[in-house]
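What follows is a set of notes on a single structure, which appears directly below.
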Amino acid sequence: MPLTVLIAVLAVGVALPLLAWSAVPGDASGRRDVRNNLLLGLDAEAASARIVRDPGSLGSLLVLPANRSKLDKLLALAGRPASWPLSRVLLAKPALAIVAAVFGLMVLSSTSNGVIVVMVLAVVVTAYFVPDLLIYSRGIERQAAIALELPDTLDQMLIAVEAGLGFESAMARAGKNGKGPLAEELVRTLQDMRVGMARRDAYKALAARTDVPDLRAFVRAVVQADIYGISVSTVLRTQAKEMRTKRRQRAEEKAMQIPVKVLFPLMLFILPVLFIAVLGPTIISVVTNYL
């Protein structure tokens, strides 16, 4: 058996179980992690055994620290999906790269062209960063959903505050009645304050987790109102009006971009087919009769 084929078979045997583990939903492992975290500090042996058994520790050894911190921030922006904890993502990255490298070695064992070598390297690098791209895409979608829901949520909070509720009670009501990532973040902020986090720190953590410009502006306004004693209803009314105006402006901007975006598909796909359908019979008749 050739050496490259033997290396490919061994690499597949190692990478496929890791890839299968990373694709399995992580609910059971999440519950196990919660149970182990509760045991930390009570039993040192249990804590050390958890570190040894944690499969994500292997992935953390194969991923650079800067990339680990970047992935943690991307997961925070994506809402930290339960099925994709950081340990699983860290293990999926090298597993995907190994699988791509194995198939690349199989291709290179049959032919060793320079172009194919470059393509194999590009595929391996792309496979390594596929989890980053997926998490980044989910984070972008989540931030867009938060920006879209923010004006309506502020209107609900304004109505609740003017009806006599406090700001935190209005936030709790909006989080309970709302659906989507913004409602989840409001509930998370209230939970942070209930476990002892300072109000300003909880608001700043909300802005850091979401990274939405409009929400950051709202958080800054609320923090300043808390510092200087400004009426919360006035802040909510001003911010809600401003957010509605920004949402309308974004919608108008996207509507103005539609003709430019439609131009290239129109020129590349629609007009050539239209010319063929209109001029095709004429050209065929001319060629038949005069040539």
Side-chain angles (χ1 to χ4, degrees), residues 73-81 133-194 197-265:
K73 183 177 180 180
L74 291 177
L75 284 172
L77 295 178
R80 297 195 179 277
L133 297 176
L134 294 177
I135 297 172
Y136 177 77
S137 176
R138 183 162 182 173
I140 292 296
E141 294 176 357
R142 190 169 183 270
Q143 294 175 48
I146 290 175
L148 187 63
E149 296 169 3
L150 184 59
D152 296 334
T153 302
L154 293 183
D155 287 335
Q156 294 178 14
M157 294 174 61
L158 176 61
I159 293 172
V161 169
E162 290 181 344
L165 293 179
F167 180 72
E168 295 179 7
S169 300
M171 186 185 299
R173 189 174 186 86
K176 181 180 179 181
N177 296 332
K179 294 181 180 179
L182 182 56
E184 297 174 358
E185 291 296 337
L186 294 179
V187 174
R188 167 74 181 277
T189 303
L190 293 173
Q191 291 174 350
D192 291 340
M193 288 188 283
R194 287 169 186 167
M197 184 180 291
R199 182 182 301 175
R200 298 174 190 174
D201 295 336
Y203 293 154
K204 292 178 181 178
L206 169 64
R209 286 195 308 269
T210 54
D211 199 20
V212 177
D214 294 342
L215 187 56
R216 287 203 304 267
F218 170 68
V219 168
R220 285 196 299 267
V222 171
V223 171
Q224 291 177 358
D226 187 31
I227 294 174
Y228 298 108
I230 303 174
S231 174
V232 177
S233 60
T234 303
V235 174
L236 283 173
R237 188 179 298 107
T238 304
Q239 290 294 319
K241 181 178 180 181
E242 183 179 355
M243 297 306 168
R244 286 195 300 271
T245 303
K246 288 183 177 180
R247 185 171 64 178
R248 183 173 64 252
Q249 291 175 351
R250 285 194 295 265
E252 293 175 353
E253 181 181 358
K254 290 182 179 180
M256 294 176 64
Q257 293 175 354
I258 289 177
V260 179
K261 294 180 179 179
V262 172
L263 180 62
F264 293 100

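Under a 3.5 Å cut-off, the side chain of Thr238 and the backbone N or O of Thr234 do form a donor-acceptor pair.
Closest approach of Val212 and Gln143 over heavy atoms only: CG2-O, 3.8 Å. Contact detail for Gly175 and Ala183: the closest heavy-atom pair is O-CB, 3.6 Å.
Annotation for Arg138: atom CZ does not count as buried by contact number, only 12 or fewer foreign heavy atoms lying within 6.0 Å.
By the 4.0 Å N-to-carboxylate-O rule, Asp155 lies close enough to Arg244 to be salt-bridged with it. Salt bridge status for Lys246 with Glu242: present, with a side-chain N to carboxylate O gap under 4.0 Å. Salt bridge Arg142/Glu185: present, at least one basic N to carboxylate O contact under 4.0 Å. Taking a cutoff of 4.0 Å between a charged side-chain nitrogen and a carboxylate oxygen, Lys204 and Asp192 do not qualify as a salt bridge.
Distance check: Leu215 CG to Leu206 CG gives 5.0 Å after rounding to the nearest 0.5 Å. Here Arg188 contributes atom CZ and Arg80 contributes atom CZ; the two are 7.5 Å apart, rounded to the nearest 0.5 Å.
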**Request:** Please test Val222 against Met171 for side chain to side chain contact (heavy atoms under 4.5 Å, CB included), starting from the C-alpha separation and ending with a verdict.
**Result:** CA-CA 12 Å; Val222 171; Met171 186 185 299; over 6 Å; no

**Message:** Run Arg247 and Leu150 through side chain to side chain contact (heavy atoms under 4.5 Å, CB included) and show every step you take.
**Reply:** CA-CA 9 Å; Arg247 185 171 64 178; Leu150 184 59; over 6 Å; no

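Taking the side-chain hydrogen bond (donor to acceptor under 3.5 Å, both in side chains) definition, one finds that Thr189 meets it with Arg209, sequence neighbours left out.
Classified by interplanar angle (parallel below 30°, tilted 30° to 60°, perpendicular above 60°), the ring pair Phe218/Phe167 is tilted.
A side chain to side chain donor-acceptor pair (under 3.5 Å) check over residues 163-178, counting only residues at least two apart or in different chains, returns the pairs Glu168-Arg199.
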